[in-house]
Amino acid sequence: MAGLSFDNHQRNQFLSAKGFGSPKATSTGTTIVGVKFEGGVVIAADTRATSGPIVADKNCEKLHRLSPTIWCAGAGTAADTEMVTQLIGSNLELHAMSTERKPRVVTALTMLKQHLFKYQGHIGAYLIVGGVDPTGAHLFSIHAHGSTDIGFYQSLGSGSLAAMAVLESNWKEGLTKEEAMKLCTEAIEAGIWNDLGSGSNVDLCVMEVGKDAQLYRNYLKPNVREAKVKSYKFARGTTAVLKESIYNLVDIEETVVPMEVDTEA
Amino acid sequence: MNGINVDINHLKKGEVNLGTSIMAVKFDGGVILGADSRTTTGAYIANRVTDKLTQVHGTVWCCRSGSAADTQAVADIVKYHLELYEAQHGAPPTTKIAASLFQELCYNNKDALTAGIICAGYDDKEKGAIYSIPIGGSIHKQEYAIAGSGSTFIYGYCNKNFKSNMTRDETVEFIKTSLSQAIKWDGSSGGVIRMVVLTASGVERLVFYPEDYVNA
Amino acid sequence: MSSIGTGYDLSNAIFSPDGRNFQVEYASKAVENAGTSIGIKCRDGVVLAVEKIQTSKLLVAGRNKRIQSIDRHIGVAYSGIIPDGRHFVNRGRDEAQSFKSLYKDPIKVPNLIDRVGLYVQNYTCANSVRPFGINAIVGGVDDDGAHLYMIEPSGVYWGYCGTAIGKGRQTAKAELEKLDLPNISVKDGVKEAARIIYLAHEDNKDKEFELEISWVSQSETGGRHEFIPQELFDAAVQYAQEEDDDEEEEDEDVEVQ
């Protein structure tokens, strides 16, 4: 039904009257970016996965492969970005086989946006799609409701504001591959340091025209956990044994039967 | 359920919005479409260089306002129909036919869509033509059309300053000054002013940066 | 009919070994002995005319029309099994309306004939149906000018300057070829149509007939398909009968010589 639903209002009032907090909406944090350069495109992501206030995974993968030369960074609901990316990746491969052509980035974009639009935003996938195909290098972003944007640089996720601040101040025309990789890394770092929903490492994927895509998993690890100076293990015998009792619940019987072995052979 | 339902035609939570200033104006040689370039999600500018002027076929274009996802989907469907139309008829579709398709989609799916569209184009039969298709799915043929959140600020200006059969340059100036005012007073509009000139000789694109239009 | 008894004429869904669909060919037989219909494409429009054989004296004169409109700007005249023609016209109307409801513009004649052609063709593919027992002449005007088509039971259709179907088609075609088509005016086209139908009726002289003439033209009817006005009809009939008499006289002269 169109419009706002207040169905949960009574339930929430009841819960707070009983002294429970009303349920909070869970927001999923991420920083993802993409930058074009002369002859290619770079996409990058942080590696923190959260569920509510908990860091669920310190080194997850947010860079997904749609085809060997088209990759996709995902923000939003982790399960949705993973599944939608696998589905479209699969359909893209079937499409490439039946047309006997290399898949194009716009094809991936169209398939993703039509799928997401069909689900009216209920599939919470926010994606940055980058890649190379016979028509050149491309960079797009897609929102969960199915709208798409095109640009030389993109950022998405809860850390997108921090990342965009870096992109807006440091991006220039005609970047080299190395400059684009550096810019992406710095933008993700801005998310890692300044956004609570983002953290840990930087993953990066470089797609160059006429070459295989290069995935740099953990391209930067600015959050390596220090080894502990002291050991906090308790020595054996720290806990006193007060009583010991052993029960024989099963009787075990072993029987040895000699076998004849033919030694002639 | 015993809950209360308030039916307001509002964007879904987190949906990308084209809080917009768009317009299209007929002139002696055809038609010119104009738009700002701001896309917002809540208070954040998701894209400051958006292209809200979308080609649906040759010299038939549209200006999009409302939900970005909805208007892109609708424009894609119309584009598909017009491509099919040309294949079946061996002749390009007229602006009227494109506008009629937009209207049909916007009316039949009015409960699911937030889309305010201006369809404008040049064809041999009608020359320049402009059709405004606001949110409920009605259709209005106009000499010029304005739409989007920023348009409210320039109804008076456009009404006073629009003249039939202006030259191309006069029309570009008219759109530039109109949209500069819309951008000035509307917080959801901004960025650059994009224009598309549609005439017998084809398509011409124009961009005006803030320094070009702020004192226009 | 050499094919009789081979079994290949029992179904639409089976080709004969030499690649023919006999059911479709039989459908054409239904047209061959029917009343003559003609279509004339003129400089400024199209004229349709039919020789409507009177099967009973009790039928009301001027009713039971055999020329119908598919849309305001498209007319159709058919010969053959009349209910099949009615069904054909209904489908044409559906197509024209569906076009108009989607595009808010009248359908163009070539597009209309494309669509009904596809529909008629469908009746030659399935075992559960029989082909249309009609030939239909479809004429109309649109932004691109006047159009005239004739469609057959197989679904094939051709564009014509002048066309004739039914029993008197040979006579009619011979007459049509003598006209300077499509460079005559619709007004002249109406007179010629009446004359040709009267002439074609010679082949079927023992039966009474009623003449129907319609036209569609930008200049004469504002782009609408209509039956011609009574005074024009009367003038055309008079012209047709005079010509008819002249020809008979000529014939007599020949006999005298």
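Chain identifiers are assigned alphabetically (A, B, ...) following the order of the sequence lines, protein sequences preceding nucleic acid strands; residue numbering begins at 1 within each chain. Any value given below was found using the heavy atoms of this structure, including those in side chains, with hydrogens, waters and symmetry copies removed. What you see is a predicted model, and the numbers here were worked out from it, not measured in a lab.
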Rounded distance (nearest 0.5 Å) linking atom CD of B:Gln72 with atom NE2 of A:His143: 9.5 Å
More than 12 heavy atoms of other residues, nucleotides or ligands under 6.0 Å from CH2 of A:Trp193: is that the case? yes
Mind checking the CZ-CD1 spacing from A:Phe117 to B:Ile77? Nearest 0.5 Å is all I need. 6.5 Å
Considering all heavy atoms of both residues, which atom of B:Ala68 and which atom of A:Ser147 are nearest to each other, and what is their separation? CB-CB, 3.5 Å
For B:Phe153, I'd like to know if atom CZ has over 12 heavy atoms of other residues, nucleotides or ligands within 6.0 Å. yes
Interface moiety of A:Ile142 toward chain B, non-hydrogen atoms closer than 4.5 Å: neither
For A:Thr148, is it the side chain, the backbone, both, or neither that has a heavy atom closer than 4.5 Å to a heavy atom of chain B? both
Is the count of non-hydrogen atoms from other residues, nucleotides or ligands lying under 6.0 Å from B:Asp124 atom CG greater than 12? no
Does atom OH of B:Tyr157 have more than 12 heavy-atom neighbours from other groups under 6.0 Å away? yes
More than 12 heavy atoms of other groups within 6.0 Å of B:Tyr209 OH: no
Nearest 0.5 Å, what's the CG-CD distance between B:Asn47 and A:Gln154? 6.5 Å
Under 4.5 Å from any heavy atom of chain B - which part of A:Tyr153: side chain
pair A:Met164-B:Arg48: side-chain heavy atoms closer than 4.5 Å: no
Using a 6.0 Å cut-off, check whether atom NE2 of B:His140 has over 12 heavy atoms from anything other than its own residue. yes
Check this for me: B:Arg64, atom CZ, are more than 12 non-hydrogen atoms of other residues, nucleotides or ligands nearer than 6.0 Å? yes
Pick one of side chain, backbone, both or neither for B:Asp76, based on which atoms fall under 4.5 Å of a heavy atom in chain A. side chain
